Amino acid sequence: MFPVVVVHGGAGHIPKERVETSVSGTCSAARAGYAVLRGGGSSMDAVVEAVVQMENNPRFNAGCGSVLNIKGEVEMDAIVMDGKTLASGAVSAVRNIANPIQLARLVMEQTSHVCLTAEGANQFARSMGVPEVPLESLITEYSIMRWKKNLAPGANPVECQMGKMGTVGAVAVDSEGNVACATSTGGILNKMEGRVGDTACIGCGGYADNQVGAVSTTGHGEAIMKVILARLVLFHMEQGQSVEAASDLALAHMKTRVKGLGGVVTVDPQGHWAARFNSQQMSWAAAQRDTLHHGLYAGEHVTQSIEEPL
């Protein structure tokens with residue numbers, strides 16, 4: 001078994017001018033997570049570090065690149081899960097927090113709850129000493145442009161969401177065979193205030209169980225929730241399917257049953273991994289055995305030394 005971290009930067013269609021930064025961003029996140037594993041860190045440490053990197057990158061729909069709700073404000077969701085104990089922590093509809101994934105981990109480690117929402121989550125953040133950041137620091141010009149475009153009569157925010165990098169996430173296996181997942185998002189464009197998607201829901205946005213594996217999902221949240229996508233992938237693995245086949249079967253079911261498009265990154269405790277999607281593109285990267293793997297289009301799989309620049 002070789003420790004591994006696999007990350008995704010969102011499923012959908014990525015405009016040509018944003019492809020390069022999407023690929024470099026996911027590769028940087030995978031490198032950061034892998035550095036944690038190489039240093040003896042846990043799978044939980046690795047996935048949180050990888051997702052923090054993407055939350056801090058304005059090119060992704062998480063943290064400082066989050067899309068805006070109908071009122072032009074940022075509301076973010078995040079989840080972590082530890083496969084060793086099934087401990088999980090999540091936050092939904094949080095504001096003024098630079099790294100919701102770190103707050104989700106605090107919910108897991110410092111409370112008896114799984115999910116805190118909206119003002120309650122922000123109050124918890126303050127009690128934990130998590131600094132609040134100005135709302136405008138999380139809003140990019142790109143997000144404002146897309147928000148205004150989708151206020152127009154007849155606009156389809158769900159369809160247009162696929163032109164913006166979506167939810168980010170990571171899964172990992174550490175040297176002890178423990179798996180973990182982390183997922184973070186700004187949600188969907190021009191969503192209703194208070195909307196919570198799949199990311200913060202256990203079994204939908206992510207799931208981790210040492211007896212099976214770990215999954216982080218991306219795509220249209222409402223579709224993912226209807227099929228409980230992350231847990232569905234693991235169900236197929238429990239039936240003897242490989243990480244690749246289980247991922248494909250679950251995504252195919254979501255497309256057939258609810259016309260949902262998306263993607264997943266998946267690992268099992270033996271270090272096998274997959275990055276699969278049925279959308280036009282999904283930016284993904286993985287690091288294992290000092291090798292960096294990455295891709296963007298169906299069938300694309302580039303490999304290079306972990307130290308080699310892109």
Side-chain angles (χ1 to χ4, degrees), residues 1-12 22-23 26-27 29-31 33-34 37 43 46-47 50-51 54 81 83 166-174 177-183 198 203-219 224 227-255 260-304 306:
M1 193 280 296
F2 296 95
V4 61
V5 60
V6 194
V7 308
H8 66 76
S22 173
V23 172
T26 48
C27 287
R31 282 190 172 108
Y34 189 64
L37 294 177
S43 54
V47 294
V51 170
M54 291 186 282
M81 189 164 183
T167 300
V168 305
V171 291
V173 188
D174 60 29
N178 294 316
V179 302
C181 70
T183 311
D198 65 295
C204 299
Y207 201 84
D209 183 347
N210 275 10
Q211 294 182 8
V212 195
V215 182
S216 173
T217 69
T218 177
I224 290 171
V227 300
I228 320 174
L229 184 61
R231 192 63 189 82
L232 183 59
V233 173
L234 296 181
F235 165 77
H236 287 301
M237 288 168 65
E238 287 171 329
Q239 306 307 304
Q241 299 289 345
S242 67
V243 287
E244 294 93 347
S247 301
D248 288 344
L249 283 166
L251 288 167
H253 175 71
M254 182 171 75
K255 185 176 181 180
L261 298 178
V264 298
V265 289
T266 307
V267 293
D268 70 17
Q270 288 72 47
H272 302 116
W273 60 273
R276 310 294 287 183
F277 54 98
N278 60 10
S279 54
Q280 223 174 327
Q281 296 156 300
M282 183 178 81
S283 179
W284 64 269
Q288 187 179 45
R289 300 178 72 176
D290 294 335
T291 300
L292 180 68
H293 308 253
H294 61 88
L296 180 67
Y297 302 97
E300 182 181 22
H301 188 147
V302 180
T303 59
Q304 63 186 77
I306 197 77

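No hydrogens, no waters, no symmetry mates; every other heavy atom, side chains included, goes into these values. All of these numbers come straight from a predicted model, not from anything done at the bench. Position 1 is the first residue of the sequence; numbering continues from there.
At distances below 3.5 Å, at least one donor-acceptor pair connects side-chain atoms of Y34 with backbone N or O atoms of R289. One N or O on the side chain of D268 and one on the backbone of G271 form a donor-acceptor pair closer than 3.5 Å. Counting only distance, with no hydrogens or angles, the side chain of N178 and the backbone of N210 share no donor-acceptor pair below 3.5 Å.
With contacts defined as side-chain heavy-atom distances shorter than 4.5 Å, the pair L296/S283 qualifies. The shortest side-chain heavy-atom distance between H293 and W273 falls under the 4.5 Å cut-off. Counting only heavy atoms from C-beta outward, the side chains of V171 and C181 approach each other to under 4.5 Å. Y207 is not listed as a side-chain neighbour of T217, based on a closest heavy-atom distance of 4.5 Å or more. No side-chain heavy atom of V173 sits less than 4.5 Å from a side-chain heavy atom of P3.
Closest approach of V179 and G213 over heavy atoms only: CG2-O, 3.7 Å. Nearest heavy atom pair, residue M54 against residue G9, reads SD-CA, 4.3 Å. Of all heavy-atom pairs between A170 and A50, the closest is CB-CB, 4.0 Å. Residues M282 and G263 approach most closely at SD-CA, 3.8 Å, considering heavy atoms. Heavy-atom minimum distance, S43 versus A180: OG-CB, 3.5 Å. Taking both residues in full, the closest heavy atoms of A214 and A208 are given as CB-CB, 3.8 Å, listed atom of the first, atom of the second, then distance.
Within a 6.0 Å sphere centred on CD of Q211, heavy atoms belonging to other residues, nucleotides or ligands number 12 at most.
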Using residues 233-241 as the side-chain source, report each donor-acceptor pair under 3.5 Å to any protein atom, sequence neighbours left out, with the distance given to one decimal.
unit_1 : atom_1 : unit_2 : atom_2 : d
E238   : OE1    : R231   : NH2    : 3.4
E238   : OE2    : R231   : NH2    : 3.0

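The side chain to side chain contact (heavy atoms under 4.5 Å, CB included) with R31 is formed by just one residue from the set V7, I306, V5, T26; it is I306.
Expressed to the nearest 0.5 Å, how far NE2 of H272 lies from CZ of F2 amounts to 10.5 Å. With rounding to the nearest 0.5 Å, the separation of CD in Q280 from OH in Y297 is 8.5 Å. A distance of 10.0 Å separates CD in Q288 from CG in L37, rounded to the nearest 0.5 Å. Between the OG atom of S247 and the CG atom of N278 there is a distance of 11.0 Å, given to the nearest 0.5 Å. Atoms OG and NE2, from S22 and H8 in turn, are 11.5 Å apart once rounded to the nearest 0.5 Å. Taken to the nearest 0.5 Å, the CG atom of D198 stands 8.0 Å off from the OG1 atom of T218.
Under the ring pair (Phe, Tyr, Trp, His ring centres under 6.0 Å) criterion, H253 pairs with no residue at all, not counting sequence neighbours.
Using modelled atom types, one finds a donor on one side chain and an acceptor on the other under 3.5 Å when comparing S216 with T183.
The aromatic rings of W284 and H301 sit perpendicular, their planes meeting at an angle over 60°, well past the 30° parallel limit.
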Passes side chain to side chain contact (heavy atoms under 4.5 Å, CB included), R276 versus T266? Steps please.
CA-CA 8 Å; R276 310 294 287 183; T266 307; over 6 Å; no
